[in-house]
Amino acid sequence: MSEHGTREQGVSEHGVGEVDVRVDGTGPEPFGARLRRAMDERGPLCVGIDPHASLLADWGLNDDVAGLERFSRTVVEALADRVAVLKPQSAFFERFGSRGVAVLEKSVEAAREAGALVVMDAKRGDIGSTMAAYAAAFLEKGSPLFSDALTVSPYLGYGSLKPAVELARESGSGLFVLALTSNPEGAEVQHAVRPEDTALRNVGATMLAHLAEENAGQTPMGSFGAVVGATLGDLSAYDLGINGPLLAPGVGAQGATPADLPRVFGAALHQVVPNVSRGVLRHGPDIGALRASSDLFAAQIRAALESA
Ligand SMILES: O=C(O)c1cc(=O)[nH]c(=O)n1[C@@H]1O[C@H](COP(=O)(O)O)[C@@H](O)[C@H]1O
């Protein structure tokens, strides 16, 4: 860690784990502050760890736990010391049952150890009391899957996420709330308008408004981010100024490019964490090639930020 804090051994009801402690001793440094610093130091690129069966095959690996382990270890070794964020997609690990989840645990630990922030992409969402258990699984210090942030679905109502918001505040972790997703099917839910709202205040916009409230007054930015697809075209009708990060999947395999980012995100561009998964991963298993691809995306993103 930098001058702002240290990682120390800490104890929670779940056991011993690493915790981020502010130098002034006031508790864990919030995710938003840690992410801002990582984005400023390393650039904002987030690379996904998405071990698709087809990628395992392309890498010459078996579609089994050993292949999964090798794939994840290679991505972490190649990229955890250079990108701001790594985002393991839990589904590809869960596919292998408990042994896959064990690989996920090790990957998260190794990535954080090497200096990347880890956003666990598990897209959890449930009624509040169950949401508390999901939050404990991913955001409770000392939990085996403890991550810097978690993707969550607000489509049981934003308020159902409250236990996760509270635990994230306590543990210095963050959330990325699905607001306007990169897939075309998302519109039927996210573009819906409640009778009491206007067309400009659809469900996705309502989620952004909740996040703006959550992050109010936080500096340099709050810890409660939105997922907003880079594939969505002009988003100027939305107020993306949530004072928090915008995770932007869709660059690479889904067709968006770094050059699209200024047009899509406008004034919110500097809050954007663009995610690339297959676009980088397809260059493996060679570590140099993975790094070259990630560096190229990072340079293109930097150029897009500078051009705006
Ligand atoms: O939350 C996400 O990360 C996510 C949200 C979204 O709207 N769209 C989306 O593609 N994702 C994830 O981002 C990654 C995109 O992967 P690539 O299309 O291979 O770059 C996958 O892990 C998706 O699950």
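Heavy-atom basis, side chains included; hydrogens, waters and symmetry copies ignored. Quick caveat, the model's predicted, so the values are computed rather than measured. Just so you know, ligand 1 is whichever comes first in the structure, and atom 1 is the first atom listed for that ligand.
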- request: Indicate, as side chain, backbone, both or neither, the part of T181 found under 4.0 angstrom from ligand 1 when only non-hydrogen atoms are considered.
  value: both
Spacing of CG belonging to L281 relative to CG belonging to L55, to within rounding of 0.5 Å: 6.0 Å
message: Can you report which non-hydrogen protein atom sits closest to atom 13 (O) of ligand 1, along with the distance?
response: K87 NZ, 3.3 Å
query: Mind checking whether R278 has an N or O less than 3.5 Å away from an N or O of ligand 1?
result: yes
message: Under a plain distance cut-off of 3.5 Å, with no hydrogens placed, do D121 and T151 share a side-chain donor-acceptor pair?
response: yes
- prompt: Does a side-chain heavy-atom distance below 4.5 Å link R36 with F31?
  reply: no
query: Is there side-chain contact between D50 and R278, with heavy atoms separated by less than 4.5 Å?
result: no
message: Give me the nearest non-hydrogen protein atom to atom 2 (C) of ligand 1 as residue plus atom name, then the distance to 0.1 Å.
response: K123 NZ, 3.2 Å
query: In Å and rounded to the nearest 0.5 Å, what is the CZ to CG distance from R169 to L175?
result: 9.5 Å
- request: Could you walk me through whether D295 and R82 pass the salt bridge (charged side-chain N to carboxylate O under 4.0 Å, His left out) test, one step at a time?
  value: CA-CA 9 Å; D295 289 353; R82 61 188 57 215; 3.2 Å; yes
query: For atom 15 (C) of ligand 1, what is the nearest protein heavy atom, given as residue, atom name and distance?
result: Q254 NE2, 3.5 Å
message: With a 4.5 Å cut-off on side-chain heavy atoms, are Y238 and L208 touching?
response: yes
query: What are the atoms of ligand 1, with element, lying closer than 4.0 Å to any heavy atom of N275?
result: 13 (O), 14 (C), 15 (C)
- line: shortest atom 8 (N) of ligand 1-to-protein heavy-atom contact is with S182 OG, 2.7 Å
Nitrogen or oxygen of Q89 less than 3.5 angstrom from that of ligand 1: yes
query: Quick one: does ligand 1 sit under 4.0 Å from the side chain of S277, the backbone, both or neither, non-hydrogen atoms only?
result: both
- prompt: So is H52 close enough to ligand 1, meaning a heavy atom under 4.0 angstrom away?
  reply: no
- request: Check whether any heavy atom of D50 sits under 4.0 Å from an atom of ligand 1.
  value: yes
- prompt: Are T181 and Q190 close enough, and set up right, to give a side-chain hydrogen bond (donor to acceptor under 3.5 Å, both in side chains), and what steps lead you there?
  reply: CA-CA 8 Å; T181 58; Q190 297 151 20; 3.0 Å; yes
